Amino acid sequence: MTVRVRFAPSPTGYLHIGGARTAMYNYLFAKAMGGKYILRIEDTDLERSTRPFEESQIADFKWLGLNHDEGPDVGGDYGPYRQSERGHIYKEWAKRLLDNGHAYHCFCSEEELTAKKEIANLEKRAPHYDGKCRNLKPDEVSSKLEAGLEAVIRFKAPLKAYAFNDHVRGRVEFPEGMVGDFVILRASGVPVYNYAVVVDDASMKISHVIRAEEHLPNTLRQLMLYEAFKETPPEFAHVSLLIGEDRQKLSKRHGATSVTLYKEMHYLPKALLNYLCLLGWSHPTEVDIFDIEELGSLFNTDRFIKSPSIYDIQKLNHINGQHLRHLPLEQIIQGSETALPAGHPFFSQTNEWKLSCVNIFKDKINLFTELDEKLKIIFETHQDTSQDYIDASSWETTPKIREYLKTEIAAAKAAGKKFITEAEYNAWSDHVKLELKIKGKQLFMGMRCVLTHQAHGPDLKFIIPLTPLEVLEYRLTL
RNA sequence: GCACCCAUCGUCUAGCCCGGUCCAGGACACCGCCUUUUCACGGCGGUAACCGGGGUUCAAAUCCCCGUGGGUGUACCA
């Protein structure tokens with residue numbers, strides 16, 4: 001059997017992080033099985049679906065590197081890949097159901113239906129459709145249709161129990177009578193979700209449906225439709241939900257939930273994927289930092305976890321840091337430059353300077369956006385207010401160090417230098433130690449406070465050669 | 001209401017199917033130590049969990065039942 005999986009988002013907003021995870025699982029499964037991964041756009045909700053959202057979601061997939069084999073933008077043999085362009089297919093398939101008696105026209109008005117639902121609720125009955133139009137005579141139907149009455153097409157829900165084997169949940173059973181006759185085609189001719197999904201999955205030869213657990217109850221209606229169409233249902237895997245700290249389904253109020261936002265915050269796509277992959281799935285050898293592209297056949301549906309997972313940005317940040325540190329320096333520079341504010345002095349430095357700069361700071365950040373703050377020790381002058389700093393500033397040896405460094409820096413500037421070298425820095429340090437007889441904590445903390453105005457920071461012999469002489473000079477005058 | 005799903009450290013999870021090797025392993029966060037004459041990185045260590053109750057068994061995190069808690073769904077949304 002050829003494995004064909006799909007991710008089918010609605011273009012009603014930005015790509016959600018949970019959607020990205022589901023898409024990734026489908027992508028990974030296709031890769032592991034040597035199958036195809038298809039992107040289908042479910043835009044039957046005409047009110048809320050927009051083309052810009054579709055484009056933004058596709059752009060986000062591209063950013064993540066989850067490239068599909070078939071889809072609206074790349075084509076394929078089973079198109080069109082937008083539900084809004086598949087109207088004729090839904091009508092044809094609906095006619096099949098009409099012809100073999102699995103579906104019927106319904107002329108009930110919305111007001112009528114809502115009134116009945118309210119009564120049912122009041123009487124604590126399930127608000128199922130009462131079947132009023134179920135047994136209309138064929139000539140009644142055609143005369144109403146000819147009279148121009150609006151009609152939806154309803155599916156005759158069989159009164160029987162259904163069950164299926166889910167790759168994640170095992171055997172799932174639905175008792176009989178859970179759903180009433182449901183609408184499959186609206187009066188407008190636009191299909192309803194559960195119907196469109198089945199027609200599409202069947203006609204696109206989808207073999208496995210990996211989707212979020214919230215769709216589990218939908219499977220009942222879909223199973224009924226597959227049966228009516230005499231089609232074999234695909235294999236299902238209902239993946240646990242992503243939830244917030246309050247244990248509710250992850251949504252906007254939980255913070256950044258769209259992929260676009262993470263892109264804008266300069267997260268590494270592979271780190272996001274790595275984190276998302278581990279939220280609900282576990283690596284067979286418990287490795288936790290990896291590139292999903294290297295998973296290969298290691299990925300399977302056996303290691304999905306059943307319970308929902310709380311989204312925790314702290315761990316994502318840690319994973320981002322791990323990936324960031326292992327990037328080639330050139331790429332760290334690139335990433336840094338996209339995250340640093342325009343006009344930042346970092347941009348105007350030499351490549352050699354940038355290389356040693358990111359080499360020092362890469363271990364101290366998890367995110368590219370944290371670099372700006374870290375670089376202040378090089379470009380800005382803010383007096384530290386910590387007790388350590390106040391103590392070091394009050395030592396009687398500290399002014400001596402400052403006076404000495406003033407003359408050295410003046411000399412270096414006079415020689416036309418913009419920076420000093422590491423060797424020159426070491427010479428300063430030796431001079432303070434040997435000539436001024438200042439050593440130990442007085443030496444190192446003294447020099448640090450005088451030169452950086454901070455009590456803590458990266459190794460002086462690395463950051464002082466990166467600090468412009470004029471910045472150092474200015475600090476010595478304060 | 002009804003249906004379905006879920007339940008191991010604060011969080012992500014391993015273990016559960018095939019009961020003993022688990023007084024429960026790893027990771028994040030937190031704390032301590034080492035290293036670094038600072039910080040970080042790294043290394044080492046620590047605190048911390050089998051929802052409750054019954055049952056089966058020589059033995060249960062693991063199997064069964066009943067509770068409890070949480071979630072999802074109940075549309076001419078997807």
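Note on naming: letters A, B, ... go to the chains in the order of the sequence lines (proteins, then strands), and numbering restarts at 1 for each one. Values in this document were obtained by computation on a predicted structure and should not be read as measured data.
Between B:C39, B:G71, B:A3, one nucleotide has an atom nearer to the side chain of A:M178 than all others, and that is B:A3. Picking from B:C6, B:G73, B:A40 the nucleotide with the shortest atom distance to the side chain of A:K364 gives B:A40. You'll find that the side chain of A:E42 is closest to B:A78, out of B:C12, B:G73, B:A78. The A:I305 side chain lies nearest to B:U13 when the options are B:C39, B:C4, B:U13. Listed candidates were B:A78, B:A75, B:G73. Nearest to the side chain of A:S10 is B:A78. Comparing atom distances between the A:L279 side chain and each of B:C12, B:C5, B:C76 picks out B:C12 as nearest. For A:S307, counting side-chain heavy atoms from C-beta on, the closest listed nucleotide (B:A78, B:U72, B:A7) is B:A7. Comparing B:C5, B:U11, B:U38 against the side chain of A:E213 picks out B:C5 as the nearest. When distances are taken from the side chain of A:S282 to each of B:U13, B:U72, B:A78, the shortest belongs to B:U13. Side chain of A:L113, nearest nucleotide from B:C76, B:A3, B:G71: B:C76.
Comparing B:G42 with B:C17, their P atoms are spaced 37 Å from each other, to the whole Å. Taking the P atom of each, B:C58 and B:U74 are spaced 49 Å apart, rounded to whole Å. Nucleotides B:U72 and B:G67 place their P atoms 23 Å apart, quoted to the nearest Å. Going from the C1' atom of B:C4 to that of B:G46 covers 43 Å, rounded to whole Å. Taking the C1' atom of each, B:U38 and B:C12 are spaced 33 Å apart, rounded to whole Å. Spacing of P atoms, B:G15 relative to B:G20, comes out at 13 Å, to the nearest Å. If you take atom P in B:G26 and the same atom in B:G69, they sit 34 Å apart, rounded to whole Å. To the nearest whole angstrom, the two C1' atoms, one in B:U21 and one in B:G25, are 13 Å apart.
Checking the phosphate oxygens (OP1, OP2) of B:U38, no side-chain nitrogen or oxygen of A:Q454 falls inside 4.0 Å. For the pair A:S309 and B:U13, the criterion of a side-chain N or O lying under 4.0 Å from OP1 or OP2 is met. Between A:K117 and the phosphate of B:U74, there is no side-chain N or O to OP1/OP2 separation shorter than 4.0 Å. For the pair A:R221 and B:A78, the criterion of a side-chain N or O lying under 4.0 Å from OP1 or OP2 is not met.
Residues A:Y404 and A:E435 bring no donor and acceptor atom of their side chains to less than 3.5 Å of each other.
Within the nucleic acid shown, A:Q248 comes within 4.0 Å of sugar-phosphate atoms alone, with no base atom in reach, counting heavy atoms only. Across all strands shown, A:R303 has heavy atoms under 4.0 Å from sugar-phosphate atoms exclusively, and none from any base. The residue A:K374 sits apart from the nucleic acid: no heavy atom pair falls under 4.0 Å. Using a 4.0 Å heavy-atom criterion, one finds that A:P175 contacts the sugar-phosphate atoms exclusively. Residue A:V192 is in sugar-phosphate contact alone, with no base atom involved, counting any heavy-atom pair closer than 4.0 Å across all strands shown.
When the nearest nucleotides of RNA chain B are assigned to A:R247 and A:H128 by heavy-atom distance, the more 5′-ward of the two goes with A:R247. Along RNA chain B, the nucleotide closest to A:R325 and the one closest to A:P191 are compared, and the more 5′ of them pairs with A:R325.
Checked by distance alone, A:E286 brings a side-chain donor or acceptor within 3.5 Å of a matching partner on the base of B:G25. A donor-acceptor contact under 3.5 Å is formed by the side chain of A:N218 with the base of B:A78.
Under a cutoff of 6.0 Å and an axis angle of 45°, A:R221 and A:F155 do not form a cation-pi pair.
Classification of A:K315 and A:D312 as a salt-bridged pair fails, no side-chain N sitting under 4.0 Å from a carboxylate O. With salt bridges taken as basic N to acidic carboxylate O contacts below 4.0 Å, one links A:E112 and A:K116. Ionic pairing of A:D459 and A:K461 is present here: one or more N-O contacts between side-chain nitrogen and carboxylate oxygen are shorter than 4.0 angstrom. Ion pairing between A:E54 and A:R51 holds under the 4.0 Å rule for side-chain N and carboxylate O. A salt bridge links A:R253 and A:D246; the closest N-O separation between the charged side-chain nitrogens and carboxylate oxygens is under 4.0 Å.
Near-neighbour residues of RNA chain B inside residues 311-323 of chain A, defined by a heavy atom below 4.0 Å, number-ordered: A:D312, A:Q314, A:K315, A:H318, A:Q322.
Base pairing of B:U56: no nucleotide in any strand meets the Watson-Crick or G-U wobble criterion (both distances under 3.5 Å).
Side-chain atoms of A:R21 never come within 3.5 Å of backbone atoms of A:H16 as a donor-acceptor pair (strictly under, hydrogens ignored).
For the ring-ring contact (aromatic ring centres under 6.0 Å, His included) criterion with A:H208, the lone passing option out of A:F29, A:Y25, A:F7 is A:F29.
Counting all heavy atoms, side chain and backbone alike, A:P458 lies closest to A:I360 at CB-CG2, 3.8 Å.
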